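Keep in mind the model is a prediction, meaning the values are calculated, not measured.
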Amino acid sequence: RVVFQQPAAAAGAVWFDDMALTKVVIVEPPADTVVTVDPGENWRGYMNVFDLPASGGTFRSGEVWPPANLSASFSGPTLTLRPNSIADPAEYWYIGGGAPGRPGNKIMEASMYVEKTDGSLAGRTLTFNGTVTAHTLTPAHRTVVFIRDYAPGGFTSFNEATAELDAAGAFSVSLDTLDNPARTVQYGFRTTGVNVWSTDLSPFGSLQVTASAASPFEAWISGFDFTGFTNPDLSAAGDPDGDGANSLMEFALNTDPGVGAVSDRMRSRLENHADGQALVLTLPVRGNPVFSGSPGKSATVDQVHYVVEGSNDMNLFDQAVTEVPVSGADMPSLDSGWSYRSFRLDGPLDGPSPRGPAGFLRLRVSAAP
């Protein structure tokens with residue numbers, strides 16, 4: 001870039017001589033790819049066997065094992081990982097020979113993983129995420145989640161990212177894979193610990209993982225039909241009215257203020273109240289949040305943030321909103337922990353209450369900050 005400035009439009013000129021222009025190669029950052037615990041993938045198994053640390057911890061063998069032999073199995077979307085059990089009664093596997101109550105004589109390192117050799121995961125930022133839904137493993141066993149990017153020609157050289165799964169909750173690991181389609185990329189779980197006789201497994205616990213659990217917001221929105229509403233935007237950056245305020249979900253209600261919008265468990269409609277007819281929005285909420293604020297009403301509960309706003313032109317949402325007793329006996333029943341709340345559009349703060357049916361109500365729902 002060449003810049004020539006003449007302050008205050010001063011007279012004069014400038015000459016550039018012997019200038020060379022060089023092409024700049026811009027290296028784009030790796031593409032992002034997210035994978036999760038998908039039972040539809042081709043899951044593989046591999047077992048490494050070691051002597052006990054007290055016996056020197058020597059590596060004994062490593063070979064492909066079917067996932068079923070790893071004590072790893074899917075039930076629907078959930079993968080359960082358990083300590084490994086060997087049915088062989090030999091003293092090689094169990095101290096004193098295999099039988100109920102006999103301690104294991106080997107350390108088993110069981111890998112349950114997905115492997116890609118087609119280059120589809122090369123040259124990108126790969127993220128493997130999911131949720132540990134239950135963790136009861138004792139200290140005798142540990143599980144790590146991993147991504148490995150192997151060099152061509154074998155499985156001895158690799159780049160790796162890992163994280164230990166030591167409690168229930170979400171997990172995520174990321175690795176920038178090298179841009180070489182000849183490399184092999186694996187992602188999965190590695191459970192390590194002493195082998196356990198099959199009838200003695202229960203006290204050692206297990207670990208259950210599944211795809212990333214729905215956020216509280218996603219759980220809120222998953223059961224709703226918004227076909228009766230104006231401009232629903234369910235994306236992570238929804239802003240259909242262009243006011244610059246993004247929410248995980250935002251929509252304006254009622255293109256025709258005289259006609260209510262109706263969906264399964266959420267409604268905007270005209271209702272008769274003791275102090276007049278008004279536009280009222282009824283919606284389900286989790287828990288028992290306290291709505292406050294002016295002119296709109298907001299509340300946060302169970303990591304979900306609600307904002308109810310009013311407008312007379314579907315542009316500037318500055319009209320007063322009042323929470324009123326829930327009406328509408330025909331509303332569908334709700335699951336335990338949910339309840340209906342109703343909000344009335346009251347118009348300008350210094351105007352009559354309620355102002356009447358002309359106007360708009362909007363609900364924003366987002367993940368709590």
Side-chain angles (χ1 to χ4, degrees), residues 33-48 64-87 108-116 120-121 126-148 160-175 185-224 236 286 302-304 335-338 367:
T33 296
V34 179
V35 294
T36 190
V37 187
D38 182 0
E41 286 283 1
N42 181 26
W43 290 84
R44 302 162 64 95
Y46 198 90
M47 179 66 76
N48 287 318
V64 173
W65 278 30
N69 290 357
L70 297 178
S71 296
S73 60
F74 273 101
S75 177
T78 300
L79 172 63
T80 299
L81 303 169
R82 299 180 179 84
N84 277 93
S85 179
I86 302 295
M108 316 289 287
E109 183 187 77
S111 295
M112 176 78 164
Y113 60 94
V114 174
E115 180 177 285
K116 299 293 185 180
S120 60
L121 298 181
L126 176 62
T127 298
F128 178 33
N129 63 26
T131 300
V132 178
T133 57
H135 188 296
T136 59
L137 288 177
T138 71
H141 297 83
R142 60 189 293 262
T143 297
V144 298
V145 55
F146 70 88
I147 301 174
R148 278 187 174 181
E160 183 178 46
T162 65
E164 184 160 0
L165 303 182
D166 54 7
F171 66 84
S172 180
V173 293
S174 295
L175 180 69
V185 177
Q186 297 176 351
Y187 60 88
F189 306 94
R190 191 160 57 242
T191 300
T192 304
V194 66
N195 57 304
V196 179
W197 191 254
S198 59
T199 58
D200 300 333
L201 281 171
S202 182
F204 288 88
S206 64
L207 186 147
Q208 293 182 326
V209 291
T210 188
S212 294
S215 70
F217 167 79
E218 291 168 333
W220 185 93
I221 204 173
S222 63
F224 289 89
R286 303 198 311 173
D302 292 344
Q303 303 180 42
V304 177
D335 295 337
S336 175
W338 290 73

Write down the atom of [X], the atom of [Y], and the distance for their closest heavy-atom approach.
X: V185; Y: L126; answer: CG1-CD2, 3.7 Å
X: A72; Y: L81; answer: CB-CD2, 3.7 Å
X: T138; Y: P203; answer: CG2-O, 3.3 Å
X: A161; Y: S174; answer: CB-O, 3.4 Å
X: A211; Y: T36; answer: CA-OG1, 3.2 Å
X: P39; Y: P77; answer: CG-CA, 4.1 Å

What is the distance from atom [atom1] of [X] to atom [atom2] of [Y], rounded to the nearest 0.5 Å?
X: S71; Y: F204; atom1: OG; atom2: CZ; answer: 12.5 Å
X: I86; Y: N69; atom1: CD1; atom2: CG; answer: 8.0 Å
X: M112; Y: Q186; atom1: CE; atom2: CD; answer: 13.0 Å

Any donor-acceptor pair under 3.5 Å from T210 side chain to T131 backbone: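 No, because the side chain of T210 does not come within donor-acceptor range (under 3.5 Å) of the backbone of T131.
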
Is it true that a side-chain atom of N84 and a backbone atom of T192 form a donor plus acceptor pair closer than 3.5 Å?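 No: the side chain of N84 does not pair with the backbone of T192.
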
Could you check E41 against Y187 for side chain to side chain contact (heavy atoms under 4.5 Å, CB included), going step by step and ending with a plain yes or no? CA-CA 11 Å; E41 286 283 1; Y187 60 88; 3.8 Å; yes

Students often mix this up, so state it plainly: with edges at 30° and 60°, are the rings of F189 and F171 parallel, tilted or perpendicular?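 Ring orientation, 0 to 90° scale: perpendicular.
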
Taking side chain as C-beta onward, heavy atoms only, is [X] less than 4.5 Å from [Y]?
X: V196; Y: H141; answer: yes
X: L70; Y: S111; answer: no
X: S75; Y: T80; answer: no
X: R190; Y: T162; answer: yes
X: L201; Y: P83; answer: yes
X: V37; Y: F128; answer: yes
X: L165; Y: L207; answer: yes
X: M108; Y: W65; answer: yes

Is there a donor in the side chain of T191 and an acceptor in the side chain of T143, or the other way round, less than 3.5 Å apart?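 Side-chain D/A pair, T191 to T143: present.
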
